[in-house]
Amino acid sequence: MKNNLFYDRVFDIVRMIPYGRVTTYGAIASYLGSKTGSRLVGWAMNVSHGVMPKIPAHRVVNRIGMLSGKAHFSSPNRMQELLESEGIIVEADKIQNFNEVFWDPSSLDLL
DNA sequence: TGAATGACTCGAT
DNA sequence: GATCGAGCCATTC
């Protein structure tokens, strides 16, 4: 565990995701400059389990809206349940209304 | 120190 | 339109 700005930046963005909205690893990576790599975002999420306050990692999915990281949750169903609880339609581990609930970090920018 | 891995993404075939 | 391969960077062995 290191106090890298990268993780902090990713966590901050994920925490800024509004209720009922989701974002993608690529969007976060792109917001960080895309040079950071989209995979690092997922890596940061892996660490987010022990990060406080809690990181709504369930609101972060891949570019097609598939719950790629659901397996890393306490329970694979947990991610889908949380998303559905926010009004997000999830089917076959994939967000159906992904286009509607998609949220871009640059939307808030520095706000 | 070098090589491998990973919750991804894009371009080419 | 679907499938395959390479690129991206930090962390770990």
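All values below come from the heavy atoms of this structure, side chains included, with hydrogens, waters and symmetry mates left out. Order of the sequence lines sets the chain letters (A, B, ...), proteins ahead of strands, with each chain counted from 1.
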Q.
Restricting to non-hydrogen atoms, name the atom on A:Phe73 and the atom on A:Ala57 that form the minimum distance, rounded to 0.1 Å.
A. CZ-C, 3.6 Å
Q) Nearest-Å distance, CD (A:Gln80) to C1' (B:dA7)? A) 16 Å
Expected rows: protein N/O vs nucleotides 2-6 of chain B N/O, under 3.5 Å:
from, atom 1, to, atom 2, distance (Å)
B:dG6, N7, A:Arg39, NH1, 3.1
B:dG6, O6, A:Arg39, NH1, 3.1

Q: Choose from B:dA7, B:dT9, C:dA10 the nucleotide whose nearest atom is closest to any side-chain atom of A:Ser68.
A: B:dA7
**Q.** Nucleotide B:dT9, atom C1' - distance to CZ of A:Phe102 in whole Å
**A.** 13 Å
Q: Would you give the length of the straight line joining atom CG of A:Leu83 to atom CG of A:Leu67, rounded to the nearest 0.5 angstrom?
A: 6.0 Å
**Q.** Spacing of CG belonging to A:Asp93 relative to NZ belonging to A:Lys70, to within rounding of 0.5 Å
**A.** 3.0 Å
Q.
Please report the distance, rounded to the nearest Å, between CZ in A:Phe11 and P in B:dA7.
A. 15 Å
Q. Can you name the closest pair of heavy atoms from A:Met45 and A:Val10 and give their distance?
A. CE-CG1, 3.8 Å
Q) Taking OH from A:Tyr7 and C1' from C:dC9, how many angstroms apart are they, rounded to a whole number? A) 10 Å
**Q.** Nearest-nucleotide comparison on DNA chain C, the residue closer to the 5′ end among A:Ser38 and A:Phe6
**A.** A:Ser38
Q.
Rounded to whole Å, how long is the line connecting atom CD1 of A:Ile17 with atom P of B:dA7?
A. 19 Å
Q) When all nucleic acid strands are considered with a 4.0 Å heavy-atom cut-off, which category describes A:Ala44: base, sugar-phosphate, or nothing? A) nothing
Q. Side chain of A:His49, base of B:dA7: donor and acceptor closer than 3.5 Å?
A. yes
Q. Which whole-number value in Å describes the distance from A:Ile64 CD1 to B:dA7 P?
A. 15 Å
Q.
Students often get this wrong, so: under 4.0 angstrom with heavy atoms, is A:Asn46 touching a base, only sugar-phosphate, or nothing?
A. base
Q: Any chance you could measure A:Tyr25, atom OH, to A:Leu40, atom CG, to the nearest 0.5 Å?
A: 13.0 Å
**Q.** Salt bridge flag under 4.0 Å for residues A:Arg59 and A:Glu86
**A.** yes
Q.
Checking the side chain of A:Asn62 only, and the main-chain atoms of A:Gly65 only, is there a donor and an acceptor separated by less than 3.5 Å?
A. yes
(Q) Rounding to an integer number of Å, can you tell me how far A:Leu32 CG sits from B:dT9 P? (A) 13 Å
Q. How close or far is atom P of B:dC10 from atom CG of A:Asn62, stated in whole angstroms?
A. 11 Å
